[in-house]
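Worksheet: one structure, shown below.
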Amino acid sequence: MTQPLIKTQTLSGFRDFLPAEMMAREALVATARDVYRSYGFSPIDTPALEYSEVLTGKSGEESEKQLYRFTTKGGRDVALRFDLTVPFARFAAQHIGQIGTPFRRYHIATVWRGERPQRGRYREFMQCDFDTIGTDSHLADIETLLVIHDLFGRLGFERFTIRVNHRQLLNGLLETLGLADKSTAVLRALDKLPKIGREGVQRELIEGVGAIDATADRLLEFAAISGTPGEVLAQVESLLDGNGRGLDGIALLRQLFDCVATAGVPADRVALDVSIARGLDYYTGTIYETFLDDLPGIGSVCSGGRYDNLAGLFTKQPLPGVGASLGLDRLLAAMEELGRLGASATPADVLVVLFDESRAGDYFRMARELRADGVATEVYPQARALKKQLQYADRKGFRFALIAGSDEFAQGVWQLKDLANGEQRQVGSEELSSSIRDRLSEGRS
RNA sequence: GUGGGUAUAGCUCAGUUGGUUAGAGCGCCGGAUUGUGGUUCCGGAGGUCGCGGGUUCGAGUCCCGUUACUCACCCCA
């Protein structure tokens with residue numbers, strides 16, 4: 001009897017990535033990194049595993065339920081990080097003496113949440129965070145928006161909207177309504193407006209928050225405000241009854257929209273949406289959510305905002321900051337739905353056909369010359385039929401096949417076949433890499 | 001944690017009121033004469049029908065249980 005085979009399966013919410021997907025993932029990561037670095041954010045990393053108390057400190061019960069938590073053999077209570085913000089708070093408190101303020105970092109890494117997976121949501125996924133801490137300047141908030149904008153631009157998106165809000169608008173309104181202590185519950189209710197509609201939110205405000213009808217109406221009126229940023233701000237201002245906190249928020253948002261426009265961001269990319277609120281409690285100022293216009297249903301693909309004090313649990317030094325997180329896997333899921341993922345499964349541009357095994361050294365030498373010139377090149381590992389090798393090249397998505405047999409070696413030339421259009425030309429060894437690079441750059445521009 | 005849906009070939013699925021050796025498309029492998037891919041044609045491999053029990057002369061099909069996956073809620077990227 002042969003042993004029964006082990007069933008091949010991955011855990012729910014955990015995934016394998018095939019080359020074509022992985023290429024797209026890596027391209028996204030590389031772009032995010034480039035954009036962050038172009039603004040001066042520095043890379044950091046932290047352990048995947050932390051002491052549980054570090055992670056559970058501030059997060060509510062909900063986050064704790066989602067934690068992958070266990071006891072080590074040595075009896076330590078540990079957990080996998082469920083976001084990058086909390087580990088960053090620990091990191092900042094621990095190292096702020098060496099790194100100084102203001103401090104800007106980006107952190108691209110995997111996080112884990114034990115929640116039920118669904119569309120665009122996984123148990124193991126990657127976040128691309130960037131934050132500026134150690135300053136409460138509103139200019140850092142504005143620059144955060146610029147980063148988000150440039151990021152999506154560089155990722156190749158043209159149709160996206162960054163929705164902006166400021167927590168003080170709603171907090172100011174809640175003060176005037178006597179609901180200041182219910183802000184979290186109200187925010188969560190209003191956040192659901194697009195999903196459960198006006199009546200649903202109204203019910204939740206009355207039953208869940210305990211608001212009276214008139215108050216709920218006032219909140220809904222507030223959440224329903226729309227228009228250009230200028231129009232919205234004017235309407236909000238009239239609802240605020242001169243509340244100082246709210247008016248401060250309005251002034252900050254006016255500055256933000258002016259400044260961003262002057263800096264060169266098209267007006268239709270940024271919207272003021274007073275109904276976005278974010279569930280997380282620690283945002284205290286500006287709030288951002290980014291939606292793809294062609295696929296809004298998948299949710300926000302980049303969210304963030306300002307917090308008063310990042311690391312209050314770990315240090316007495318106040319560390320205000322602002323930042324955002326790109327949800328890489330959700331974005332990737334969206335791109336797949338939109339048919340925006342490339343099909344190529346190879347990072348190399350050129351496949352050297354191994355025609356004659358006794359000339360292996362010559363094939364390897366040419367491949368190395370091409371690589372030295374920046375052209376990624378794979379040499380087929382065995383001398384199979386030319387047909388097979390070209391089939392392989394086509395399936396994997398190589399752009400060029402390089403062929404040489406005894407005739408070519410005798411003349412010192414190569415057959416350069418462009419697999420995109422089938423054109424084949426004879427090229428001398430010396431011109432090969434420049435010829436390939438020229439044609440690659442044509443195709444990409 | 002709550003509610004719904006689905007489990008048949010590597011993938012996407014079909015499978016009539018239970019009835020012989022379980023099918024298709026795609027993919028994979030091979031072939032269509034000697035050094036040319038994508039298209040086409042031909043051939044082939046590949047499945048204890050998620051698992052366990054029950055009803056029945058007979059179960060992929062009906063019933064119960066179980067596990068996994070999936071969608072939505074909660075929450076969130």
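Numbers restart at 1 for each chain; the letters A, B, ... are given by sequence-line order, proteins then strands.
Atom P of nucleotide G35(B) and atom CD of Q424(A) are separated by 14 Å, given to the nearest angstrom. Going from atom CZ of F400(A) over to atom P of G37(B) covers 18 Å, rounded to whole Å. The nearest whole Å value for the distance from the CG atom in D329(A) to the C1' atom in C76(B) is 14 Å. Distance CG (L351(A)) to P (G37(B)): 14 Å, rounded to an integer number of Å. Note: CZ (F82(A)) to P (A77(B)) measures 10 Å, nearest angstrom. Following rounding to the nearest Å, R121(A) (CZ) and C75(B) (C1') show an atom-to-atom distance of 6 Å. Per the geometry, NZ belonging to K388(A) stands 12 Å off P belonging to U34(B), to the nearest Å. With rounding to whole Å, I276(A) atom CD1 is found 17 Å from C75(B) atom C1'.
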Taking it one step at a time, do D418(A) and R399(A) satisfy salt bridge (charged side-chain N to carboxylate O under 4.0 Å, His left out)?
CA-CA 6 Å; D418(A) 187 334; R399(A) 173 72 192 278; 3.0 Å; yes
Quick one: do F409(A) and Y363(A) satisfy ring pair (Phe, Tyr, Trp, His ring centres under 6.0 Å)? Show the steps, please.
CA-CA 10 Å; F409(A) 282 119; Y363(A) 296 120; 5.6 Å; yes
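Distance noted for atom C1' between U66(B) and G47(B): 22 Å (whole Å). Only the C1' atoms considered, G4(B) is 29 Å distant from A9(B), to the nearest whole Å. Taking atom C1' in both U21(B) and U17(B), one finds a spacing of 24 Å when rounded to whole Å. Comparing A22(B) with G60(B), their C1' atoms sit 8 Å apart, to the nearest whole Å. For the C1' atoms, the distance linking U56(B) with G46(B) amounts to 32 Å, nearest Å. Across the C1' atoms, C62(B) and G18(B) are found 8 Å apart, a figure rounded to whole Å. If you take atom P in A7(B) and the same atom in G15(B), they sit 10 Å apart, rounded to whole Å. For the P atoms, the distance from G23(B) to U48(B) is 15 Å, rounded to whole Å.
With R81(A) contributing its side chain and T46(A) its backbone, the two residues share a donor-acceptor pair below 3.5 Å. Judged by distance alone, with hydrogens and angles left aside, the side-chain atoms of H138(A) form a donor-acceptor pair with the main-chain N or O of L252(A) at under 3.5 Å. Proximity of a side-chain donor or acceptor of Q389(A) to a complementary backbone N or O of R384(A) within less than 3.5 Å is detected. At distances below 3.5 Å, not a single donor-acceptor pair connects side-chain atoms of S435(A) with backbone N or O atoms of E431(A).
Separation of atoms CG (D308(A)) and CG (L319(A)) is listed at 12.0 Å; rounding is to 0.5 Å.
Taking the side chain of R113(A) as heavy atoms from C-beta on, and the options G35(B), U70(B), C76(B), the nearest nucleotide is C76(B). Comparing C69(B), U36(B), U2(B) by their nearest atom to the side chain of L390(A) picks out U36(B). Comparing U2(B), G35(B), C28(B) by their nearest atom to the side chain of R395(A) picks out C28(B).
Across F41(A), F103(A), Y39(A), a single residue satisfies ring pair (Phe, Tyr, Trp, His ring centres under 6.0 Å) together with F130(A), and that is F41(A).
The residue L326(A) sits apart from the nucleic acid: no heavy atom pair falls under 4.0 Å.
In this structure, R439(A) forms no cation-pi arrangement with F400(A), as its terminal cationic atom is not both closer than 6.0 Å to the ring centre and no more than 45° off the ring axis.
Regarding contacts with the backbone of A68(B), every side-chain N or O of S12(A) stays at 4.0 angstrom or more from both OP1 and OP2. An OP1 or OP2 oxygen of A72(B) is reached within less than 4.0 angstrom by a side-chain nitrogen or oxygen of Q118(A).
By the stacking rule of 5.5 Å between ring centres and under 30° between planes, Y392(A) does not stack on the base of G37(B).
One cannot find a donor-acceptor pair under 3.5 Å joining the base of A77(B) and the side-chain atoms of E289(A).
The nearest heavy atom of RNA chain B to E408(A) and to G13(A) marks one nucleotide each, and the one closer to the 5' end goes with E408(A). With the nearest nucleotide of RNA chain B identified for both Y122(A) and R384(A), R384(A) has the one nearer the 5' end.
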Which atom pairs, one a donor and one an acceptor, fall under 3.5 Å between side chains of residues 151-161 of chain A and the rest of the protein, sequence neighbours left out?
residue : atom : partner : partner atom : Å
R159(A) : NE   : D294(A) : OD1          : 2.8
R159(A) : NE   : D294(A) : OD2          : 3.4
R159(A) : NH2  : D294(A) : OD1          : 3.2
T161(A) : OG1  : D293(A) : OD1          : 2.9

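Relative ring orientation between Y392(A) and Y380(A) is described as perpendicular, the plane-to-plane angle rising above 60° on a 0-90° scale split at 30° and 60°.
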Reading nucleotides 38-43 of chain B 5' to 3', which nucleotides get B (base under 4.0 Å from a protein heavy atom), which S (sugar-phosphate only), which -?
B-----
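Listed by first residue number, the stems of RNA chain B with at least three Watson-Crick or G-U pairs below 3.5 Å are B:1-7 with B:67-73, B:10-13 with B:23-26, B:28-32 with B:40-44, B:50-54 with B:62-66.
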